[in-house]
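Down below is the structure, laid out as C-alpha cells.
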Protein chains: 2
Amino acid sequence: MLKATLKSVVLSVVALSTFTVQAAYLDEAQQKQINTLKQTALSSDLAYQIEESLTTEVGARMIGTEGDKRAIAWAVEKMNSLGFDKVWTEEVGHYQWIRGDVEAQVLAPFPHDIKAIALGESVGTGEKGIQAEVVHFKTMADLEAAKPGSLTGKIAFVSYRMERFKTGKGYGKAVGARVNGASVAAEKGAIGFIMRSVGTDNNRLGHTGVTRYKEEVKRIPAVALSNPDADVMVNIFKRNKPVEFYLKVTALRNEIVATKGANVIGEITGSELPEQVVALGAHLDSWDVGTGAIDDGLGVSMVMAATAHIAKLPQRPKRTIRVILFAGEEVGLLGAKQYIIDHKDELKNHTIAAEWDFGLGKIYSMQSGVGEASVPAIAELATYLESLGVAYNKGNKARGQSDMGAVTDKGVPAMNFSPDGTTYFDIHHTENDTLDKVNAEDLQQNTAVYTVFAYFAAQAGVDFRK
Amino acid sequence: MLKATLKSVVLSVVALSTFTVQAAYLDEAQQKQINTLKQTALSSDLAYQIEESLTTEVGARMIGTEGDKRAIAWAVEKMNSLGFDKVWTEEVGHYQWIRGDVEAQVLAPFPHDIKAIALGESVGTGEKGIQAEVVHFKTMADLEAAKPGSLTGKIAFVSYRMERFKTGKGYGKAVGARVNGASVAAEKGAIGFIMRSVGTDNNRLGHTGVTRYKEEVKRIPAVALSNPDADVMVNIFKRNKPVEFYLKVTALRNEIVATKGANVIGEITGSELPEQVVALGAHLDSWDVGTGAIDDGLGVSMVMAATAHIAKLPQRPKRTIRVILFAGEEVGLLGAKQYIIDHKDELKNHTIAAEWDFGLGKIYSMQSGVGEASVPAIAELATYLESLGVAYNKGNKARGQSDMGAVTDKGVPAMNFSPDGTTYFDIHHTENDTLDKVNAEDLQQNTAVYTVFAYFAAQAGVDFRK
C-alpha cells in the first residue's frame, strides 16, 4: 500500500511538472492559434481525402513505373491546389526492376502450391525455373552457421517468424534474412533462397521488400512465402522426408536500363525567416503491390494536410514549412540520398525534421533529437500535444524516420513521433496495403500532431541545433 | 425494477427446468460414460492432429483433381488407422473444370491492377481477354432491374458488400449475385460479369464459389473481386467517368470430360442395432484454393475424431455410427445426391443425421428436427451439452447442414449445431482457408459436442422419426 501511495505521489508530481512548463516560446495569441489549429486538424477529413485521392487516382507507384510518374504529377497538382507557395520536383535516378511473377510448388513428399512474392530487386530464375531439394533453417543465424558448400545445388529456406510489438521492434530481428539471406545462402552454394515473409499476419500474401546482393557473390533468386505457406513447409519438414521444390521467378533486374523518379517538394514560405526550413517528410513511392495507402500514403496525406491547415491561417508562420515527398525510399532511400546531395549547403538551415513512415494507429509518444539548449522548447511542444494522448519521452536521442533518418544523420535536428504499430506488419509491403486499412479517426490525430509540431517549430523560432 | 425481478424469476425457473429433465434415455453407467467421453474429447488433440495431417499431407482437393484423389486415399487410411470397423468409397461423377488464372485491370480513367478470382465453373474469356466499359450496380436487384439490351457489349459489376453476423445470415443476401449474376447480366447483353466477393474480410484475395448458368443464356466469364479492389472500383465510379476494364480468364469448363470423386464412408458397427445408422457428415472436397482447413477440414476432423473417441470404448454403442465424407459438395452437393441414390432403401434406417459445414468458433446453440415424440430425448441430450455452452433451441425445425440438408429433406431426422460464424466469411472459399485459422480449443469443444451427440443417439436407442 505504502509503495503504491508513494508511486502515486511521484506520478502526480511528474504530471504536475508537465503542466507547469512555462509557455515561453509562443505568446498568448500564438497559443490560441496552435490550439485552434489542433481542433481544425482533429475535425478535418482533409488528410483522409488526400489519401483517398492518392489511392484511387494513382495507386501503386514503385520508382520508375508509370504509377510513379502519375504520383509525381498528382503530388504537384495536389500541393498547388492546397495553397502551397512553391512546388517543384528534383530528379532521382535508378535502374529498372520488373517484378514479374512467382510460381512455387512443393513437389514432394506432399504436393502443394505455394504463395510467394519476389523480394524487391531479386533476379529471376529463367523461364524453366529451378527444381531442387530444400534445406530448412529456423533462423538466419542457423543459415549463417551452415558449412561452406553444404547447400550446393539446393534451395535454402529460413522459417523464422517475426514477432508482433506495438513498437514494431520485431522487424529488426526478422529483416536481416530478407536483406542478406540470398547472398549468405549463395555463398554456401544455394541456387535459390526462400524465406518466411517478414510479417505478422496470416494471409496468403507474401511481403516484399528489398534484398541486397553482396559484390562477388552469385545472385540467386529470392522470394518470401506467406506465413500460412511457411507453416505448411514447416509441417512438411516435421515428417523428416526430403522436400523437393519448384521455383520460377520471372523478375528482371536490369541495371543497364536507367529509370527515374523525383522528390516532390512543396513549401509555404516563412514570413520572417524564410530561409529557415521546418522539414516534414514522407515517401511518395510505394512498392508495386497494394495501393501504398499505409506505406507511405498515410505520411504523404498527413504532412500535406498539416501544411495545408497552416497555409489557411491569415499569416504565414515565421519559418518556411517544407514538405518533402521522397522518391525511391523502398529501394534504398534514393530520394533522401539525392536530397542530401542537392541541398548540401542548405541543410544547416533545416531547423528540424520529422517524417511519418511507420505505423497506422494513434501517436502515443514523442521524442526529440535536438540541442540541449532547446529541450525546454520541446517540453513546451509536449504540453500542446498532451491532450492528443502523446507522452513525452525525454530521451532526446531521436533520429528521423527512414528518409529523415538519413537527413538527421547529417546533423539536422530531429523530431520523432511514435504511432501504434501493432498491426502495421500485417500489411507492410503486401497487396493488402489499401485504403480500407486506414482508420480515419487515427489519421486525424496523426495529422493534428504534425500540424501542431510544424506550426510550433515554424513559429517559435527556436534554434534546435546540437 | 419489478420487471427485472420478474424476469430473473422466470429465468431461474427455466434454468431449473433444464436441470430437472429426467434422465430417462441413458442409464447411470451410460451417463457416466457420456460425461467421460465429453472430457476425453475436450482434452484430446486428436481432431487437431487429423486436421494438421489433412492440410499438410493433402491440402487443396477439388473434386476430380489429383488433390481429391490423395484426399480419398488419405481418408480411407485415416479411418482404418483410427479403428473404424468398416471403411469404403462410393464413386461420384462430375465433369472437368480448370480454374486457370485471372488478369484484371482498370484501364481508364485511373489504371489499377485488380485482384480477382474466377467463380467456380465459370467459362473463360479466351486468350485475348475482353475489354469493355463497366456498368456499376449497387445490388443484384439493381442488375435485375436493368433494361434488356442495356448492357450490350459491356461488363456488369455488382458491388454489394456482405454483412457480418454471428449466424452467417449475411451470406444468403449476398450469394445470389454469385450464383445467378452472370446469366442475369448476359440476358441483358453483358459480355462479362464482375462482382464484389461474397466475404466479410479486407484481404486482396477473391472468394470463389460456384456460379450457375441458365439454360439457353450465353455463358459469360464471371469473377469475384477482393473487397479492397471492389472498394477502389466504387471510388473510381464516384468520379463519374467511363470506366474501361480488361479481363482475361483462362478457366476451362469442359463438360465432355468426365472426372470422378468418391464419398468416403466409415463406420463403427452397432452392438445391438447395427442396421440403424447415426450419420455424421462433412465434405471431403474443398475448393482448389487454400488447404480446405476450415471448409470443410474442420468437419472432417471432428466427425472422424468423435467416432474414434467412441471406438475406443470397451463396447460399441447399440447403433452403428457412420461417418460420411461427401464428395463434390462445393460444386453442387454431388456426393449427397449420389448418396441418396445409392442408399435409397437404407435411408429409413438413418435414425438421425448431423453435419458440420459452417463456422469456426464454439458451438453455442443446438436445434433438432425430429418427431415430436422424441423431443424429450433431445432435451436430455441438451443437458449433457449444457456445460459446453450449448443452448437448447426448442424450435425442432432444423434441417441438416449442406449435404445432410439434402439427406434430411428425404425424411431423415436432423440435428443441427450452430457454431460462431462471425469470422467464417473472412476466409470462406479463399486462399486463406489454412490451418493457422483453426483454434485448437474451439475444435475440442466442437468435437466434444459431436462426440456426445453421436454416443447419445447411438446408445439411447430412441426413435427420432417424424
Side-chain angles (χ1 to χ4, degrees), chain A residues 49 51-61 65-67 69-71 74 99 101 103 105-106 109-115 161 201-206 226-239 241 288-291 293 423 426-427 430-438, chain B residues 49 51-61 65-67 69-71 74 99 101 103 105-106 109-115 161 201-206 226-239 241 288-291 293 423 426-427 430-438:
Chain A
Q49 289 306 326
E51 172 76 277
E52 194 267 355
S53 171
L54 177 61
T55 53
T56 304
E57 296 162 20
V58 179
R61 47 195 182 278
T65 62
E66 290 301 310
K69 289 185 180 64
R70 285 194 298 274
W74 170 91
R99 171 170 303 286
D101 292 315
E103 200 182 319
Q105 281 150 12
V106 176
F110 311 112
H112 278 272
D113 280 338
I114 295 292
K115 298 294 172 190
R161 183 170 174 126
D201 60 303
N202 283 323
N203 296 309
R204 287 187 79 193
L205 297 169
S226 86
N227 267 315
D229 288 271
D231 290 345
V232 162
M233 296 279 293
V234 169
N235 284 342
I236 291 173
F237 271 101
K238 286 179 188 161
R239 271 73 177 171
K241 292 177 181 169
D288 51 340
V289 294
T291 58
T423 61
D426 290 351
I427 299 156
T430 73
E431 290 287 3
N432 262 350
D433 186 347
T434 48
L435 181 62
D436 50 280
K437 313 305 181 304
V438 174
Chain B
Q49 290 305 327
E51 172 76 278
E52 194 268 355
S53 170
L54 177 60
T55 53
T56 304
E57 296 162 19
V58 179
R61 47 196 183 276
T65 62
E66 290 302 310
K69 289 185 180 65
R70 285 194 299 273
W74 171 91
R99 172 170 302 286
D101 293 314
E103 199 182 319
Q105 282 150 12
V106 176
F110 310 111
H112 278 273
D113 279 339
I114 295 292
K115 298 295 170 188
R161 182 170 176 128
D201 60 304
N202 282 324
N203 296 309
R204 288 187 79 191
L205 297 168
S226 85
N227 267 315
D229 289 272
D231 290 344
V232 162
M233 295 278 294
V234 169
N235 284 344
I236 290 172
F237 272 101
K238 285 178 189 161
R239 271 73 178 172
K241 292 178 181 169
D288 53 339
V289 294
T291 59
T423 61
D426 289 352
I427 298 156
T430 72
E431 290 287 3
N432 261 350
D433 186 347
T434 48
L435 182 61
D436 50 281
K437 313 305 181 304
V438 175

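In what follows, chains are A, B, ... by sequence order, proteins preceding strands, each numbered from 1.
The side-chain hydrogen bond (donor to acceptor under 3.5 Å, both in side chains) test applied to B:R70 returns no partner, not counting sequence neighbours. Taking B:D101 as the reference, B:T250 meet the side-chain contact (heavy atoms from CB on, under 4.5 Å) condition, with sequence neighbours excluded.
Salt-bridge formation is detected for the pair A:E52/B:R239: a Lys NZ or Arg NE/NH1/NH2 atom is positioned less than 4.0 Å from an Asp or Glu carboxylate oxygen.
Contact tally against chain B (heavy-atom pairs below 4.5 Å) for A:V232, A:L205, A:T430: the top residue is A:L205.
Contacts between A:V106 and chain B at a heavy-atom distance below 4.5 Å are absent for every atom of the residue. Neither the backbone nor the side chain of A:P109 has a heavy atom closer than 4.5 Å to any heavy atom of chain B. Residue A:N235 touches chain B through both its backbone and its side chain, counting heavy-atom pairs closer than 4.5 Å. Neither the backbone nor the side chain of A:S226 comes within contact range of chain B; no heavy atoms are under 4.5 Å apart. Residue contact with chain B, scored on non-hydrogen atoms closer than 4.5 Å, involves the backbone and the side chain of A:I236 alike.
Annotation: the span from A:T291 atom OG1 to B:R204 atom CZ amounts to 7.0 Å, rounded to 0.5 Å.
B:P228 and A:K437 get closest at one heavy-atom pair: CG-NZ, 4.1 Å.
Put simply, the residue from A:L435, A:T434, A:D436 that forms a side-chain contact (heavy atoms from CB on, under 4.5 Å) with B:N202 is A:D436.
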